[in-house]
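We name chains A, B, ... by the order of the sequence lines, and we start the count at 1 in each one. If you're wondering where the values come from, they're calculated on a predicted model, not measured in any experiment.
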Amino acid sequence: MLFERTTVFVQVVTIEGVVEEIIYCNYQNGYTVCAVDTAQEVVTVTGYIPYLCEGENVKLAGRFTNHPEYGRQFAAQYYEKTLPTTSAAILRYLASGVVKGIRLATAKKIVDTFGDDSLTVLMAAPERLAQIKGISKAKALEIGEAYAKQQGAQSIIMFLQQYGVSPSVALKVFRRFGADAVNYIKDNPFLLADEIGGVSFQTADRIALAMGVEKNSISRIKAGVKYILAHNAMTNGHTYVPFDDLVYTAVSMLGVDIAEAERAIRRLSLEQQTHTETIDGNEAVFLMPVYMAEGIVAKKLCALALAGPLCSPDQAESLIGEALDNMALELACEQKKAVLAALQNGVIVLTGGPGTGKTTIVNTIIQIMQKMGFSVALAAPTGRAAKRARELTGACAKTIHRLLEIGYTDDENVQNFMRDETNPLDEDVIIIDEASMLDIPLAGSLMRAIRPDARLILVGDNDQLAPVGPGNLLGDVIASGAVATIRLTQIYRQAAESDIVQNAHRIIHGERPRWGSRDSDFFFMPRPDAACAAAEVTRLCQTRLPSSYGYDPLRQIQVLSAMKKGPAGVKNLNKLLQQALNPAASGKAERAFGDTVYREGDKVMQIKNNYDIRWESMAGSEAGTGVFNGDMGFIERLDAENKQITVVYDEERRVTYDFAQLEELDLAYAVTVHKSQGSEFDAVVMPVYHAAPMLMRRKLLYTAVTRAKKLVVLVGSESGMNACVENAGEQGRFTGLKARLQNREAAGALPGPAQ
DNA sequence: CTCCCAGT
């Protein structure tokens with residue numbers, strides 16, 4: 001029955017066998033690597049199989065994978081344990097330590113006494129164990145309890161697996177509710193979505209329906225309301241939802257009446273699962289974790305803002321002068337002011353568009369801080385942005401996740417950081433680059449980990465992409481006026497009269513860009529639909545731009561797109577561009593992986609951090625480890641014989657991958673605008689068309705356009721582009737941070753008695 | 001519909 005349900009997975013295979021050896025087990029979440037002896041072979045199995053023990057018999061459904069280091073493995077999606085039935089198998093099972101209190105000696109005694117009935121005795125009449133010499137009555141009951149617990153864990157895992165709920169979630173349910181977990185869930189399936197997490201409201205609702213839960217049951221409405229709040233935070237960027245909107249949405253989604261919805265919302269607030277307060281005249285309902293995160297951000301920023309200057313203005317002047325001499329640099333007046341502000345305030349925001357010299361300022365600040373004996377941490381919200389910061393400053397920049405030492409969790413919605421208030425970051429100065437992409441949950445985690453006596457510098461361009469997650473941190477902080485903010489306005493990178501610069505300004509002010517003249521650096525080419533746009537983008541890269549401007553299509557032109565999917569999405573563009581710029585040819589080795597063909601000469605991007613992979617410099621004189629999410633390079637060689645692929649990054653570091661590691665790579669002729677943030681290119685070519693308004697916002701177009709140093713070509717629908725320019729976006733985000741920063745007492749930041 | 005993170 002169970003195994004019929006697994007048809008949703010491609011190429012699902014079932015295997016059965018005895019667990020030979022537990023190779024690895026994460027006891028927190030049940031992730032296990034083990035060797036399973038089927039009749040034919042010994043297979044390495046990975047998957048969430050909690051409480052698995054050597055000697056147990058398992059049926060597994062999943063698929064075979066090829067691990068780069070450990071070779072052929074079976075990734076189990078579903079499992080069933082079958083209890084051993086023969087004395088010999090039972091002995092092995094009990095001796096494995098599956099039941100707390102039984103090891104080999106005790107297992108032998110039990111099996112000698114009860115034979116094939118051993119497990120029945122353990123389950124139904126554990127007191128009978130006391131017949132055995134050496135087992136007291138108390139010990140017998142203790143063993144019985146341990147066995148019941150083990151079986152209880154199995155029963156909730158098996159029960160939930162029927163509904164497609166993963167064993168790792170089931171394990172959490174078991175930890176929370178114990179041996180009686182199945183009854184708890186049958187009683188209120190919404191506990192899965194609610195208290196446990198990791199299960200969607202829809203799945204819980206499906207289970208509830210099967211259990212016969214009423215449509216207007218309060219637990220269903222409460223869970224539905226929390227789902228609406230979470231969904232709005234995740235997909236719309238709101239940190240709260242106005243009460244009236246929440247009632248309306250709950251009524252239409254859940255099919256209940258207004259009074260029922262209101263009652264459930266009030267109840268959640270009373271139970272402190274949500275927080276309700278008045279913001280901007282609206283009654284605002286927050287999900288508790290988001291409310292807490294926003295509060296921590298407000299509180300920490302206000303506290304940091306109280307810190308005094310690090311040195312006198314005279315000292316600062318001389319420190320700056322010295323640093324600039326060392327770096328053979330000069331700073332403009334506003335840039336110098338920014339460095340000064342960093343020395344005088346516990347927290348500052350440094351904001352400005354591309355080319356306004358943010359990086360130079362950050363470099364100077366790092367120099368001075370280190371000179372003063374302070375340690376500095378530099379981090380950014382994305383791998384790409386962190387890498388860019390690393391290249392430009394020479395400092396060891398990381399992702400914020402990495403800085404906070406993210407630990408593993410089985411719940412995608414919860415992140416678990418090793419660094420927090422009890423184990424704060426060691427560094428004295430924390431610099432966050434691309435802070436516009438910082439969402440409230442991550443900002444909350446970051447603020448918790450910053451020591452009260454540390455200093456924080458937020459660097460970003462509030463006109464660039466809003467975070468994917470909830471909140472409008474940088475915008476709110478700047479608008480609040482509660483944090484010293486330095487706005488950089490002078491552009492050094494391009495001439496101010498450049499059409500790229502002019503149009504970037506127009507876009508951000510909601511005005512339509514202008515184009516036309518032949519000697520401009522900004523062009524728009526109308527095409528009737530996304531497919532035509534994609535074809536024109538390809539033509540531009542292949543022939544038009546190389547012949548008109550002499551650009552190298554692979555190294556100087558970067559194609560960007562808002563989306564991955566669709567005819568003008570990154571995936572399809574990569575196919576078209578690969579065909580145009582690096583077509584199949586005899587003598588050019590290639591290799592298919594998934595639905596992508598990789599070929600010698602391809603432009604590729606590393607899409608997940610790999611801290612261990614080795615690289616060698618082209619001359620072979622230097623070596624090191626680590627290739628990071630967002631690194632771009634070219635396939636130099638594809639060696640079918642050794643199943644290896646060589647990629648050269650930045651023309652200097654050579655990395656060899658096994659074929660199985662191709663999942664870490666993607667073609668990079670085209671990348672998403674999000675991924676491009678923090679990078680710049682000579683020429684940017686981008687299809688523009690009508691798409692999800694949540695995505696097609698003015699900031700997206702601004703970010704794309706400002707990636708270009710010399711040339712921008714937009715291709716597609718003019719009305720689509722105009723809609724994008726007119727879609728301001730973040731004004732539509734409901735957030736409470738600005739209000740809280742402006743009301744410092746509410747943020748709880750004022751020390752001592754009220755003033 | 002866009003981003004970040006992980007064990008033998």
Asker: In whole angstrom, what separates Met418(A)'s CE from dC5(B)'s P?
Answerer: 15 Å
Asker: Quick one: is dC5(B) close enough that its OP1 or OP2 comes under 4.0 Å of any side-chain N or O from Asn609(A)?
Answerer: yes
Asker: May I ask you to check whether Glu294(A) and Thr239(A) show a side-chain donor-acceptor distance below 3.5 Å?
Answerer: yes
Asker: Choosing from dT8(B), dG7(B), dT2(B), which nucleotide comes nearest the side chain of Val468(A)?
Answerer: dT2(B)
Asker: In whole angstroms, how far is the C1' atom of dT2(B) from the CG atom of Leu560(A)?
Answerer: 13 Å
Asker: Starting at atom CG of Leu438(A), determine the distance to atom C1' of dT2(B), rounded to an integer number of angstrom.
Answerer: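 My rounded result for the distance is 16 Å.
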Asker: Residues from residues 563-570 of chain A sitting under 4.0 Å of DNA chain B, heavy atoms only?
Answerer: Met563(A), Lys564(A)
Asker: Assess the side chains of Lys675(A) and Asn629(A): does a donor N or O sit below 3.5 Å from an acceptor N or O?
Answerer: yes
Asker: Using whole Å, report how far NZ of Lys699(A) lies from C1' of dC3(B).
Answerer: 15 Å
Asker: Looking at dC5(B), I'd like to know if its phosphate oxygens (OP1 or OP2) sit under 4.0 Å from a side-chain N or O belonging to Asn416(A).
Answerer: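 So the side-chain polar atoms of Asn416(A) never come under 4.0 Å of the phosphate oxygens OP1 or OP2 of dC5(B).
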Asker: When we call it a touch if two heavy atoms are under 4.0 Å apart, what does Asp439(A) touch: a base, just sugar-phosphate, or nothing?
Answerer: nothing
Asker: Which residues pass the side chain to side chain contact (heavy atoms under 4.5 Å, CB included) test with Met563(A), sequence neighbours left out?
Answerer: Tyr689(A), Ala691(A), Leu695(A)
Asker: Just wondering, are more than 12 heavy atoms of other shown residues or ligands nearer than 6.0 Å to CE in Met292(A)?
Answerer: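 Check fails, neighbour count at 12 or below.
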Asker: In whole angstrom, give the distance that lies between atom CG of Asn472(A) and atom P of dT2(B).
Answerer: 21 Å
Asker: Side-chain N or O of Arg402(A) less than 4.0 angstrom from OP1 or OP2 on dA6(B)?
Answerer: yes
Asker: Testing the 3.5 Å rule here: is there a donor-acceptor pair between the side chains of Asn462(A) and Thr351(A)?
Answerer: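 Result is no, nothing qualifies.
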Asker: Roughly, in whole Å, what's the span from CD1 in Ile49(A) to P in dG7(B)?
Answerer: 19 Å
Asker: Does a nitrogen or oxygen in the side chain of Thr46(A) sit under 4.0 Å from OP1 or OP2 of dT8(B)?
Answerer: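 Negative; the distance criterion is not met.
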Asker: Let's see if you can work this out: which of dC5(B), dG7(B), dT8(B) has an atom nearest to the side-chain heavy atoms of Thr44(A)?
Answerer: dT8(B)
Asker: Using only modelled atom types and a 3.5 angstrom limit, is any donor from either the side chain of His401(A) or the base of dC4(B) paired with an acceptor on the other?
Answerer: yes
Asker: Tell me what Lys608(A) touches on the nucleic acid: a base, only sugar-phosphate, or nothing, going by heavy atoms under 4.0 Å.
Answerer: nothing
Asker: May I ask you to say what Gln73(A) touches in the nucleic acid, namely base, sugar-phosphate or nothing, with a heavy-atom cut-off under 4.0 Å?
Answerer: base
Asker: Under the 3.5 Å rule, do the base of dG7(B) and the side chain of Tyr70(A) count as making a donor-acceptor pair?
Answerer: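 A donor-acceptor contact between them is absent.
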Asker: Ser719(A) and His690(A): side-chain donor and acceptor closer than 3.5 Å?
Answerer: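 There is such a pair between these side chains.
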Asker: Answer yes when Glu56(A) and Lys81(A) have at least one side-chain N-carboxylate O distance shorter than 4.0 Å, and no when they do not.
Answerer: yes
Asker: Could you please name the option among dT2(B), dC4(B), dT8(B) that lies closest to any side-chain atom of Thr399(A)?
Answerer: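 Out of dT2(B), dC4(B), dT8(B), the nucleotide with an atom closest to Thr399(A)'s side chain is dC4(B).
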Asker: For Asp612(A) and dG7(B), what is the distance between atoms CG and P respectively, to the nearest whole Å?
Answerer: 8 Å
Asker: Checking Thr656(A) now: which residues fulfil side chain to side chain contact (heavy atoms under 4.5 Å, CB included) with it, not counting sequence neighbours?
Answerer: Gln644(A), Thr646(A)
Asker: Rounded to whole angstroms, how far apart are NZ on Lys675(A) and P on dC1(B)?
Answerer: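 Spelled out: NZ on Lys675(A) to P on dC1(B) is 18 Å.
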